[in-house]
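Contents: one structure, followed by commentary.
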Amino acid sequence: YKLGGSGMAGLLFKMLLDGQVHDRQAVSSNIGCTNKGTIAVLLSKLKKSQVIEYDRNTIRLSDKCFPYGRPSIQSP
């Protein structure tokens, strides 16, 4: 998958760049993936590549994507 592109993998990567934990169902709908099989294949391949970490309800980019640490949360 091309993570910088405009496909589903690229959109997923851009959504997760903040380094925070996100709701899997919300992320799936935000990238336009309504097919559970499609998102399962996408997530499985990215997890095998150690790009993402996920469980039943949440998803986030792995520490591998942040070699200098995760971004800090800025208070307004």
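Bear in mind the structure is a predicted one, so any value in this text is a computation, not a measurement.
- Note that CD1 of Ile39 is 4.0 Å distant from CD1 of Ile31, once rounded to the nearest 0.5 Å.
- Contact record, Phe66 with Leu61: CE1-CB, 3.7 Å, taken as the closest heavy-atom pair.
- When the side chain to side chain contact (heavy atoms under 4.5 Å, CB included) test is applied to Asn57, the partners found at least two apart in sequence or on another chain are Asp55.
- Residue pairs meeting the side-chain hydrogen bond (donor to acceptor under 3.5 Å, both in side chains) criterion with at least one member in residues 19-30, sequence neighbours excluded: Asp18-His22.
- In terms of heavy atoms, Ser62 sits closest to Gln50 at OG-O, 2.6 Å.
- Between the CG atom in Leu42 and the NZ atom in Lys47 there is a gap of 13.5 Å [rounded to 0.5 Å].
- Lys45 contributes atom NZ, which lies 12.5 Å from atom CD1 of Ile52 (distance to the nearest 0.5 angstrom).
- Under a hydrophobic clustering in which Ile, Leu, Val, Met, Phe, Trp and Tyr are joined whenever their side-chain heavy atoms come within less than 4.5 Å, directly or via other members, Leu43 and Val21 fall into different clusters.
- Judged purely by atom type and a 3.5 angstrom limit, Ser44 has no side-chain atom pairing as donor or acceptor with the backbone of Ala40.
- Residues Gly19 and Pro71 share a closest heavy-atom pair of CA-CD, 4.2 Å.
- Atom CG of residue Leu46 and atom CG of residue Leu16 lie 9.5 Å apart, to the nearest 0.5 angstrom.
- The shortest non-hydrogen separation linking Ser49 to Lys64 is O-NZ, 3.5 Å.
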